[in-house]
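Beneath this line is the structure, given in structure tokens, with notes to follow.
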Amino acid sequence: SGGLGILKADNKNDLLNIINLIQQKEIESEQYLDKIIIQKFIESTQDFPISTRIYVLNNKVTCSTKIVAKLEKDQNVFETDLEKTIFVNGKEIHSHNINNYNVVANVISGGSVIPNVATEYEKEIALKVTKHLNLEFTAMDFVHDVEGNPYVLEANISPQVYKTHLLYKIHHPKMIYNFLQEEYGI
């Protein structure tokens, strides 16, 4: 999704407004969602969105990165033509003020990737979730709360790997190919 469509509601009223706006957009476009996912927002000590990504191949951690949100442009804006209102992260604002808001750290949306050393606990969680989901290759995304506790956001089954090659000289496509040859004779 590239982080698109991720919105933050600060209260129940904001959530209901966002759902109503989504439903209105669905009617206008005649494209309907069959699911809306609602998650608790994890408060962080960071002034900007940052997440940890851990790559796992064949039950082994290959590397870890930090993804820092692009701060100049917000991809989390939802505008309704009916009311001419813009909601960003659950707040009603004018369009010229949107540059200081963002909810997610995402490379496709212009975020930056930097090297990271994952903790043993983060690695353990990534390996357990990967095994539980029966995945052979994934990139597990985490955020950390104000106390530093990691929370799994998602397991990407087709993650971007170009930046890991630049940062670590790790060639995930070649590693996946070798794994498939060894494991399945492909």
Side-chain angles (χ1 to χ4, degrees), residues 1-10 15 18 22 33-78 88-90 100-176 179:
S1 73
L4 296 175
I6 298 175
L7 303 166
K8 180 180 177 236
D10 289 324
L15 176 62
I18 290 170
I22 290 170
L33 302 172
D34 42 333
K35 294 185 176 101
I36 295 175
I37 298 171
I38 299 172
Q39 295 175 297
K40 179 183 175 186
F41 183 76
I42 307 298
E43 293 291 336
S44 171
T45 58
Q46 303 293 331
D47 291 332
F48 50 87
I50 188 166
S51 62
T52 298
R53 175 168 281 188
I54 299 176
Y55 291 84
V56 177
L57 174 62
N58 191 22
N59 297 312
K60 295 179 187 83
V61 172
T62 61
C63 66
S64 177
T65 60
K66 290 277 188 195
I67 302 172
V68 182
K70 182 176 181 180
L71 302 177
E72 302 89 60
K73 183 179 179 192
D74 189 341
Q75 297 294 329
N76 301 298
V77 176
F78 197 93
V88 179
N89 302 344
N100 297 325
Y101 293 86
N102 209 331
V103 177
V104 296
N106 193 288
V107 175
I108 293 173
S109 300
S112 301
V113 179
I114 57 176
N116 180 58
V117 177
T119 67
E120 291 304 314
Y121 183 59
E122 290 168 336
K123 291 177 189 178
E124 179 183 330
I125 293 170
L127 291 169
K128 282 182 180 179
V129 173
T130 301
K131 185 175 182 177
H132 180 76
L133 295 174
N134 199 28
L135 299 173
E136 293 167 336
F137 178 64
T138 187
M140 193 79 51
D141 289 348
F142 293 83
V143 292
H144 295 81
D145 66 14
V146 292
E147 296 165 357
N149 300 310
Y151 289 82
V152 175
L153 290 179
E154 63 181 337
N156 297 282
I157 59 170
S158 183
Q160 277 283 352
V161 295
Y162 175 70
K163 300 286 185 176
T164 61
H165 181 65
L166 293 176
L167 291 172
Y168 296 109
K169 305 298 183 223
I170 292 174
H171 197 280
H172 280 110
K174 187 174 184 176
M175 292 169 67
I176 293 168
F179 166 72

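Worth knowing before you read on, the calculation uses all heavy atoms, side chains too, and leaves out hydrogens, waters and symmetry mates.
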Note: Gln160 and Tyr55 closest approach over all heavy atoms is O-OH, 2.8 Å
**Message:** Can you classify the ring geometry of His171 versus His165 as parallel (below 30°), tilted (30 to 60°) or perpendicular (above 60°)?
**Reply:** perpendicular
Worksheet entry | Side chain proximity check, Thr65 to Lys163, heavy atoms < 4.5 angstrom | no
Interatomic distance, OG1@Thr164 vs CE@Met175, rounded to 0.5 Å, equals 9.0 Å
- prompt: Side chains of Met140 and Val56: does their closest heavy-atom pair fall under 4.5 Å?
  reply: no
>> Would you say that Asn156 contacts Arg53 through its side chain, given a criterion of any heavy-atom pair below 4.5 Å between the two side chains?
In response: yes
Item to complete: Take Thr138 and Leu133 through the test side-chain contact (heavy atoms from CB on, under 4.5 Å) and record every step on the way to the result.
Response: CA-CA 10 Å; Thr138 187; Leu133 295 174; over 6 Å; no
Correct closest heavy-atom pair for His172 and Cys63 would be CE1-SG, 3.8 Å
Correct closest heavy-atom pair for Asp145 and Glu147 would be OD1-N, 2.9 Å
Taken to the nearest 0.5 Å, the spacing of Glu120 CD from Ile125 CD1 works out to 12.0 Å
- prompt: For Ile114, does the CD1 atom sit with more than 12 other heavy atoms under 6.0 Å from it, leaving out its own atoms?
  reply: yes
Taken to the nearest 0.5 Å, the spacing of Asn58 CG from Ile176 CD1 works out to 11.0 Å
Rounded to the nearest 0.5 angstrom, the CD1-CG distance for Ile54 and Leu127 is 8.0 Å
| message | Please check: side-chain N/O of Tyr168 versus main-chain N/O of Ser64, any donor-acceptor pairing under 3.5 Å? | response | yes
Between the CG atom in Leu167 and the NZ atom in Lys169, the distance rounded to the nearest 0.5 Å is 8.5 Å
Nearest heavy-atom approach of Phe142 to Pro150 is CD2-CB, 3.8 Å
